[in-house]
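The figures that follow rest on heavy atoms only: side chains count, while hydrogens, waters and symmetry mates do not. Numbering of ligands and ligand atoms starts at 1, following listing order.
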Amino acid sequence: MLGRMQNRPLLISMLIEHAAQCHPAAEIVSRTSEGPIHHCTYADISRRSKQLANALTALGVANGDRIASLAWNGYRHMEMYFGVSGIGAVLHTINPRLFPEQIEYIANHAEDSFLFFDLGFLPLVESLAPQLKTIKGIVLMTDQAHMPANSKIPNLICYEDLLAAQSGEYEWPQFDENTASSLCYTSGTTGNPKGVLYSHRSTLLHSMLACTTDGLGLGTNETVMLIVPMFHANAWGMIYAGAMCGAKLVMPGAALDGASVYALMKDEGVTLALGVPTVWLMLFGHVDTNNLVPKNDLVLRRVLIGGSSAPRAMSERFETDFGAFVMHAWGMTEMSPLGTVCNLLPKHRDYNLSQRLDIQAKQGRAVFGVDMRICDDEGVVLPNDGKAFGHLMVRGPWIVDSYYRDDGGQVLDAEGYFDTGDVATIDPDGYMQITDRSKDVIKSGGEWISSIDLENAAVAHPSVQEAAVIGVAHSKWQERPLMIVVKKANQELDKTEILQFLEDKIVKWWMPDDVVFADALPHTATGKLLKTKLREQFKDYKFPTDV
Ligand code: ADP
């Protein structure tokens, strides 16, 4: 027997329609590529998304066509989120930090038919354009005044002209909620990037979760700063979730440096900010250099940190200097991206700060919709005892089923679980803690050492800017940890001091066999440590302990 409830499809256009109806005056603030800070509302975004929908239709864009964006966080990019997906086309957000050859690869692989880009990417697009085989038109996301006098791109279209020619009236079409809505490629630390193709349904369910109290607790009263880029797993779903609850959104454009982020936070009264650890280090650097007192300047209440592990020292600093609670979260492009959020339980209410920070160092508990478990190499499920660590497996309605164009083949196990490539523990309360990427874990004498734990312990040292740990071959132990440290500017630090500092923080047999210093560490396009490169760099390294 079927239920007798309305079967309205869950479509992305519902989000902007709702925002326009119920939160028309809620603000969207953007730092633009042209310079000034731009203010508009959900009502404006709704009207302009409809103009864009009309424009795309006039350009002949059909259902399922891929429309690429190369753009920072801003209102025009937001209009694409609704205008492109709303008509049944697919928004392909490209990460501009990828190598040009990778951008060329994914634009051709996705068979994008139009490319929209921000002013700052003009030279990049000029050099890429001849290689983009399926592109029918290129749109510069600016007004007539900022169009280049003579660009190498033939028939370059001006975004504002494109919109101005169209009406703001448009009836969003109804179609199957399983229709593809957006496409995002993983950053491909090994091999070519693979496409994750989201659907309207997965996006809507993910947004609902983000708005729940034990999800991200987003709401009308929040002013949310999206420092996580809109080309990185759809800015962790915040554009959609923001429209769902009418939160004010603040978008920093290309200016992710500490000074710009701090000023925008202050001017716009940001209460919740989202980003990867690297951006927070830049913010702390700005506060230090200028002797600022964030608690006096800002009204920040919460910070969402994900993408890589949030060190305990970072959560502590936000708590003490900013008066802000760090919500540690974990996920991946393949998961839309939310998997776990580290919220506290009633039993933690009386914890002191130090005890609380121990909890916040974990990646958190699975949100509703995500089934999560850990398995050994043979696929045997391991206990949630907080000690056993194994391959982290997930399934749920906003988790990848297979990659775009079937790259990578079958990626789910017999029970429908996706292997995240992470290694983790899960404690009896359900708190998951990432101990490593399966390819980065250090295998010493048959036991596993977590490179992430060692890195987190090292960055708590006041003179350490960044640290990476990799496994290097050892004749007796198979592999032993090598720590590579970048010192903060003008700081003295040597190997003995680091090792002494680690002594009470890690078990003895995890102690790195050597520490070397470097000026900088290699990173991926999404700001993560690029360990493949480090392993390559240190492949001939020999430990002084290995004789
Ligand atoms: P990429 O495209 O670089 O893989 P993702 O954002 O999809 O970018 O990366 C997902 C991976 O990032 C996860 O599988 C995990 O290894 C890592 N990650 C994400 N959040 C955290 C976190 N809070 N702590 C540790 N690692 C994390």
inquiry  = Assess whether a salt bridge exists between K505 and D453, defined as any Lys/Arg side-chain N lying under 4.0 Å from an Asp/Glu carboxylate O.
reply    =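 No, no charged N to carboxylate O under 4.0 Å.
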Ligand 1 contacted by [X] (non-hydrogen, < 4.0 Å):
X    : value
P337 : no
T524 : no
P193 : no
G421 : no

task = Kindly identify the option in Q433, K528, H232 whose heavy atom sits closest to atom 12 (O) of ligand 1.
result = K528
task = Tell me which one of A233, G307, G364, A424 gets a heavy atom nearest to atom 20 (N) of ligand 1.
result = G307
task = Measure the acute angle between the ring planes of H109 and Y185, then classify it against the limits of 30° and 60° as parallel, tilted or perpendicular.
result = perpendicular
request  = Could you tell me how the ring of Y240 sits relative to the ring of Y81: parallel (under 30°), tilted (30 to 60°) or perpendicular (over 60°)?
outcome  = tilted
Ring-face cation of R317 near F284 (centre distance under 6.0 Å, axis angle within 45°) =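 Relative to the ring axis of F284, which defines the angle, R317 lies inside both limits.
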query = Is the closest N or O pair between A310 and ligand 1 shorter than 3.5 Å?
reply =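 Among all N and O atoms of A310, none is under 3.5 Å from an N or O of ligand 1.
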From CZ (R356) to OH (Y351), nearest 0.5 Å =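 Those atoms lie 12.0 Å apart.
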query = Side chain, backbone, both or neither: which part of T333 has a heavy atom under 4.0 Å from ligand 1?
reply = both
ask   = Does W72 have its ring centroid less than 6.0 Å away from the ring centroid of F121?
value = yes
